Amino acid sequence: MASIMRPGLLRQACHATAAPQRFMSIRASPLAQQLRPTFAPSTIPQSTRIAAFHATRRHQILPALPQKVEGTANDPTPVPDPSPVHGSYHWSFERIVSAGLVPLTVAPFAAGSLNPTTDAILCALLVVHSHIGFESCIIDYFPKHRVPLLRNIAMWALRIGTLTLGVALYSFETNDVGITEAVTRLWHA
Amino acid sequence: MASQRIFQLGLRRTAASGFTRTQTAGRIVQRRFAATQNVNQETGQEILANQRLKRPVSPHLAIYRPQITWYASSLNRITGILLSGGLYLFGIAYLAAPTLGWHLETPSMVAAVASWPVFAKISAKALVAFPFFFHSVNGLRHLTWDLGLGLKNQTVIRTGWTAVGFTVVSALYYTFLV
């Protein structure tokens with residue numbers, strides 16, 4: 001019964017043996033199975049009969065890493081301190097940056113290009129928006145408990161990259177024509 | 001009524017007669033005849049870690065039906081990475097250009113692009129226009145969701161396909177006609 005409610009358990013349990021038995025059961029005698037009186041016990045093992053019900057392939061992205069247990073088996077799961085405003089200002093800041101990008105993105109399409117001040121604001125917001133976006137990608141795909149070193153490397157690479165981009169865009173804004181004007185000229189080249 | 005209750009109580013007392021009398025503790029104590037062995041702390045941890053290896057793993061993305069809801073969400077991130085990645089690469093290349101002898105000033109870039117064949121120009125424009133318009137329009141969807149609006153499933157599906165339609169129309173327009 002537990003295996004019906006939690007098929008994952010069952011798959012783990014019968015994966016090793018299910019495939020060859022299923023193969024054999026097709027080849028052996030399905031007719032004998034059909035003619036079998038209802039009260040006679042099945043020759044196919046229970047686990048195989050249930051495994052045939054799961055039609056999808058076993059298909060996992062990454063195998064489980066070696067597990068390590070923090071503390072003892074009887075320790076409770078650590079619960080983080082509940083804080084109603086944790087990340088709230090951060091979240092609002094992200095939305096404000098994104099919302100600020102909307103008029104700055106629409107304006108060049110209406111006006112052709114932006115004046116230097118507005119262009120500089122657009123650059124600054126793009127830097128912040130990109131940094132936040134990449135940061136959330138790193139947080140999602142390089143979990144701290146799984147790849148702590150890679151997580152740190154990625155974060156520092158991002159910080160250095162963002163700083164470089166900031167300097168580069170400052171240089172581009174002061175020495176060149178500004179990004180909206182540059183894109184316009186490139187588009188019509 | 002009263003006689004019925006007295007009869008029921010009598011029945012219960014008969015059924016559970018063993019518990020009405022006081023008993024010594026030794027008779028109620030459970031006994032389990034399971035084979036157990038003492039292991040040290042490290043072996044216990046090892047057994048537990050090996051048990052955890054047998055826990056179910058999250059299923060592969062491919063088992064989910066392709067739907068506009070989660071496809072648009074993934075595309076939003078992918079297009080964002082493409083656009084920002086391009087910006088980062090350009091920024092780094094622009095700073096490295098004087099050292100490496102490249103010319104990434106606007107006039108020389110415009111001159112370089114002008115010498116490309118039409119096919120290359122159109123491909124490059126499409127490569128920028130599709131992610132740009134999709135990320136911009138889908139960003140508006142995300143901002144409305146953050147205000148708590150349009151979160152019904154049907155609405156999400158409808159706005160998703162609207163975003164796709166707008167992306168295709170405007171990207172094609174800016175790729176071929178501008």
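Small disclaimer: the values here were computed from a predicted structure and weren't measured. Chain letters run A, B, ... following the sequence lines, proteins first and then strands; every chain starts at 1.
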S.K.: Please state whether the side chain, the backbone, both or neither of F134(A) comes within less than 4.5 Å of a heavy atom of chain B.
M.R.: side chain
S.K.: Report which part of I81(B) has an atom under 4.5 Å of a heavy atom belonging to chain A: side chain, backbone, both, or neither.
M.R.: both
S.K.: Examine whether an atom of H129(A) lies under 4.5 Å from a heavy atom of chain B, and if so say whether it belongs to the side chain, the backbone or both; otherwise answer neither.
M.R.: side chain
S.K.: Against chain B, work out which of N175(A), D176(A), T164(A) has the most heavy-atom pairs shorter than 4.5 Å and name it.
M.R.: D176(A)
S.K.: Please confirm whether the backbone N or O of A163(B) pairs with a side-chain atom of N138(B), one donor and one acceptor, at under 3.5 Å?
M.R.: no
S.K.: What part of T105(A) is in contact with chain B, defined as an atom under 4.5 angstrom from a non-hydrogen atom: side chain, backbone, both or neither?
M.R.: side chain
S.K.: Just one of T167(B), T79(B), L82(B) clears the side-chain contact (heavy atoms from CB on, under 4.5 Å) bar with H135(B), so which one?
M.R.: T79(B)
S.K.: Heavy-atom distance under 4.5 Å to chain A: side chain of A93(B), backbone, both or neither?
M.R.: neither
S.K.: On the six-membered ring of W161(B), is R158(B) placed so that its NZ or CZ lies under 6.0 angstrom from the centre and within 45° of the ring axis?
M.R.: no
S.K.: Scan side-chain atoms only and decide if T184(A) and E181(A) contain a donor-acceptor pair under the 3.5 Å cut-off.
M.R.: no
S.K.: Which one of Q51(B), K125(B), K121(B) has the most heavy-atom pairs closer than 4.5 Å to chain A?
M.R.: K125(B)
S.K.: Using a cut-off of under 4.5 Å for heavy-atom pairs, which of V177(A), L126(A), T162(A) has the most such pairs with chain B?
M.R.: T162(A)
S.K.: Rounded to the nearest 0.5 Å, what separation is found between the CG atom of L95(B) and the CG atom of L165(A)?
M.R.: 8.5 Å
S.K.: Please classify the contact between Y94(B) and chain A as side chain, backbone, both or neither, with a heavy-atom cut-off of under 4.5 Å.
M.R.: side chain
S.K.: With the side chain counted from C-beta on, respond yes when L140(B) and V102(A) share a heavy-atom pair under 4.5 Å apart, and no when they do not.
M.R.: yes
S.K.: Can S130(A) and S84(B) be counted as having a side-chain donor-acceptor contact under 3.5 angstrom?
M.R.: yes
S.K.: Is it the side chain or the backbone of Y174(B) that comes within 4.5 Å of chain A heavy atoms, both, or neither?
M.R.: both
S.K.: If you count heavy-atom pairs under 4.5 Å between each of I92(B), L89(B), L87(B) and chain A, which one has the most?
M.R.: L87(B)
S.K.: Using a 4.5 Å cut-off on heavy atoms from C-beta on, say whether the side chain of Q67(A) contacts that of R55(B).
M.R.: yes
